[in-house]
Amino acid sequence: MKCDPPLSPPPSLAVKPRLIRHLFLPPLVILLMIALGYVTYLYSEKNGIKALSENGERQLELHARTVESEINKYNYLPSVLELESNVSDLLNDPSPELRSKVNDYLEGLNRRSRSRAIYVLDTTGRVLATSNWRDADSYLGEDLSFRAYYQDAIRGLPGRFYGIGSTTGEPGYYLAHGLEEKGRIIGVAVIKVRLEALEERWQRARLEAFVSDENGIIILSSDPARRLKSVRPLTADIKERLARSLQYYWWPLNELMPLERESIADGVEKLTFPANSSVDHEHTVVSYLAQTCDLADTPWHLTLLTPLEDLRREAANQGMLVAVACALAMFLLIAWNERRKVISTRLAAREALEEANNELERRITERTADLRASNERLKGQIRERRQAEETLRQAQDELVQAGKLAAIGQMSTSIAHELNQPLAALRTLSGNTVRFLERGALETASTNLRTINDLVDRMGRITASLRSFARRGEDKGQASLAKAVDAALQLLAGRLEKSALDLHQQFDDVELAIDQTRLEQILVNLIGNALDAMQAQPLPMLWLEGEVFEGRYRLRVRDNGHGIDAETRKHLFEPFFTTKPGEQGLGLGLTLSASLAAAAGGSLNAEDPAEGGTMFVLVLPLVATGISSP
Ligand code: ADP
């Protein structure tokens, strides 16, 4: 049967893509996870910053208003001094009594307004009276004409100024107002306030914010470390100018330098500062969203700092979540893909199996049809064979019958001799008996009659043998070997006597599976042939020997005749082959005998014995009840 072609491709080709997939898939998945996580992080951070800046804008607005109200609540105070006559009198005519009165007045006013100090300057910028006149570092008599707030106020402008006091070294917000009398400025009233309350409030609210002044210097800050730092780059010129103005006293002005600065929108920046290691042990840098707005009525700006750490942590969490979700999705996708492949492989295998099955069924159907056809042919042949066998059998039967008749023909001389002798004897005896009866010799007549009786019996036996020989026999039957040998010897008795044969018999009285007559016929043929072959032999000898051999019985018929030459051996069992001269041989004996033996399931063969002569070996099946061994 032809082998089906393999269903799957060769393993070397199938393994390669899978190997590549296994090698490249994990790094690809990891890369994808990282990329997605990072994109999510950025997106989340951006969104967070947007939300923070919206919220921060409102906060900024709120706190800007608070800062504005805090710094503006003292605006009116310097101008109140215009209403106090003692102050204008003192400015017009300074006297110790008036100074003392105004000092007391200012002291009381300062206490009530909770400002840091209130003082009055004359037109030259010298302090005429002050609320802190009792203190050792009182401003009294000090020349503050260099102060910008004085210079603004003396010109009739509102003096607003944040600076560090040159006497006390204390920072403060200065508000100055030119005191007018009859349209002429006669002096300047100054109030110094501290704005630390704002810083404290921011700190309490954990708000990070600072206020930078017109120079970009941080004047108020929730984080003291940022105070008096510049939010803008400071050139050497600016530094020089600021130092000379003494606005910040001799304070070293440094820049507030962020590590990173990124502008997001107008007034919105992302700033990264080094972390304050004493407060924050966790981070080395801190990022803020810085939102700045102008403060009304001042050149100042309020900056609100919103830490981005929480937002970044949340963005990182979201990024991680998305990366994990991506990994999970990839894992599910790979698992689904693998399962799909397994299913499709199974389906393909099932389809291939079904196809192979169908192919097999188709072939079986074809083969069955072939077999049926050849079976039909065989049946036909068997029928023909049977018919031929039947014909052959009939022919064989005919041959057997013909052989028998031929044998009878051959034997007719000896039969005639056999029958003529007793007949002649009977005639003589019967004539003698009549005469003995006439003479009254009853005794002798009686003896003669008994002899006549024996002769008639002998003749009857001869004819009975002939009848049984000529009768058609059956393939199957049961024969006694001893009886068959006796019958054959009796049939050939005349020739046996003539030849003075020395007969050796050594076989078992077994029951053989062959018709009795047929066995007798075979034996008559074999013994008759042996007698023919031994005609020239002065001491003819015949051996009939037998034994059980391989479950069957083997009878050897051996003579010491002239034997069989090679040419004769070739044609021995051919019908009508004979070496006998004239009418003596028909050439049917061995053919018939062999076919009778074969029909009974046995065989007949000729052998050349070492001692000379010829040996025929007749093998016949035993009847089941026959003896098993001699
Ligand atoms: P027929 O006896 O009529 O010749 P057979 O078929 O019986 O026919 O024998 C064929 C031939 O086989 C004989 O003519 C003879 O030559 C040979 N043959 C048979 N038996 C013997 C034997 N015992 N010894 C020698 N030759 C034999």
Side-chain angles (χ1 to χ4, degrees), residues 52-82 113-118 147-164 171-180 188-205 207-223 226-232 238 242 245 247-248 256 263-269 271 288-306:
L52 265 189
S53 77
E54 279 169 15
N55 185 43
E57 239 168 70
R58 286 193 294 277
Q59 291 269 331
L60 190 67
E61 193 68 28
L62 198 71
H63 289 289
R65 296 294 86 78
T66 312
V67 175
E68 281 167 5
S69 75
E70 186 68 27
I71 58 180
N72 289 338
K73 74 180 180 188
Y74 297 102
N75 277 358
Y76 70 96
L77 204 54
S79 58
V80 168
L81 295 187
E82 258 178 0
S113 65
R114 293 173 194 251
S115 53
R116 197 69 192 147
I118 304 174
R147 287 294 198 187
Y149 58 80
Y150 163 76
Q151 288 164 9
D152 287 343
I154 203 74
R155 289 204 305 272
L157 301 169
R160 301 279 182 272
F161 177 82
Y162 183 88
I164 297 173
Y173 180 45
Y174 298 85
L175 297 108
H177 178 76
L179 298 170
E180 286 182 28
V188 172
V190 183
I191 177 163
K192 179 183 178 184
V193 291
R194 294 292 308 268
L195 297 174
E196 282 86 352
L198 274 173
E199 292 180 329
E200 282 163 17
R201 218 176 296 157
W202 289 342
Q203 282 165 0
R204 274 202 303 278
L207 191 79
E208 295 215 43
F210 59 78
V211 173
S212 53
D213 67 6
E214 65 280 10
N215 298 313
I217 304 294
I218 296 172
I219 53 174
L220 293 171
S221 171
S222 57
D223 181 1
R226 291 191 198 113
R227 217 172 282 148
L228 290 172
K229 293 228 165 105
S230 169
V231 294
R232 289 200 291 265
I238 296 171
L242 291 177
S245 75
Q247 186 173 350
Y248 310 102
L256 179 70
S263 176
I264 294 171
D266 189 29
V268 184
E269 281 180 312
L271 301 177
Y288 293 99
L289 182 73
Q291 288 168 286
T292 306
C293 73
D294 297 341
L295 290 172
D297 300 329
T298 66
W300 297 353
H301 299 95
L302 171 66
T303 302
L304 194 67
L305 296 173
T306 314

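Side chains are part of it too, since the values below use all heavy atoms of this structure and drop only hydrogens, waters and symmetry mates. This one's a predicted model, so the numbers in the text were calculated from it and none came from an experiment.
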Arg147 charged N/C atom sitting above Tyr174 aromatic ring, 6.0 Å / 45° =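 Yes - Arg147 lies over the ring of Tyr174, closer than 6.0 Å to its centre and within 45° of its axis.
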About how many Å separate [atom2] of [Y] and [atom1] of [X], when rounded to the nearest 0.5 Å?
{"X": "Ser222", "Y": "Arg204", "atom1": "OG", "atom2": "CZ", "answer": "13.0 Å"}
{"X": "Asn55", "Y": "Leu60", "atom1": "CG", "atom2": "CG", "answer": "11.0 Å"}
{"X": "Lys229", "Y": "Asp223", "atom1": "NZ", "atom2": "CG", "answer": "8.5 Å"}
{"X": "Ile219", "Y": "Glu199", "atom1": "CD1", "atom2": "CD", "answer": "9.5 Å"}
{"X": "Leu198", "Y": "Ile71", "atom1": "CG", "atom2": "CD1", "answer": "8.5 Å"}
{"X": "Gln59", "Y": "Ser53", "atom1": "CD", "atom2": "OG", "answer": "12.5 Å"}

Please check: side-chain N/O of Gln291 versus main-chain N/O of Val268, any donor-acceptor pairing under 3.5 Å?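 No; zero donor-acceptor contacts below 3.5 Å.
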Looking at every non-hydrogen atom in both residues, tell me the closest pair between [X] and [Y] and how far apart they are.
{"X": "Leu271", "Y": "Ala290", "result": "CD1-CB, 3.6 Å"}
{"X": "Leu302", "Y": "Ala64", "result": "CD2-N, 3.3 Å"}
{"X": "Ser115", "Y": "Tyr74", "result": "CB-CE2, 4.3 Å"}
{"X": "Gly56", "Y": "Leu304", "result": "O-CD2, 3.7 Å"}
{"X": "Pro158", "Y": "Asp152", "result": "O-CB, 4.1 Å"}

Could you tell me whether the side chain of [Y] reaches within less than 4.5 Å of the side chain of [X], counting heavy atoms only?
{"X": "Ile118", "Y": "Leu81", "result": "yes"}
{"X": "Asp294", "Y": "His301", "result": "yes"}
{"X": "Arg160", "Y": "Asn75", "result": "yes"}
{"X": "Pro78", "Y": "Leu175", "result": "yes"}
{"X": "Thr66", "Y": "Trp202", "result": "no"}
{"X": "Trp300", "Y": "Glu214", "result": "yes"}
{"X": "Tyr248", "Y": "Asp213", "result": "yes"}
{"X": "Asn215", "Y": "Leu242", "result": "yes"}

- Query: Residues two or more places apart in sequence or in another chain: which of them pass ring pair (Phe, Tyr, Trp, His ring centres under 6.0 Å) with Tyr150?
  - Reply: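 With sequence neighbours excluded, Tyr150 shows a ring pair (Phe, Tyr, Trp, His ring centres under 6.0 Å) to no residue whatsoever.
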Note to self: What verdict does the side chain to side chain contact (heavy atoms under 4.5 Å, CB included) test give for Val211 and Thr298, after you've listed the backbone C-alpha separation in whole Å, the side-chain angles of each residue and the deciding distance to 0.1 Å?
What the structure shows: CA-CA 11 Å; Val211 173; Thr298 66; over 6 Å; no
Note to self: Does Thr303 form a side chain to side chain contact (heavy atoms under 4.5 Å, CB included) with Arg226? I'd like the steps, not just the answer.
What the structure shows: CA-CA 12 Å; Thr303 302; Arg226 291 191 198 113; over 6 Å; no
Output yes when Arg65 and Glu68 qualify as a salt bridge under the 4.0 Å nitrogen-oxygen rule, no when they do not.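 Answer for the salt bridge query: yes.
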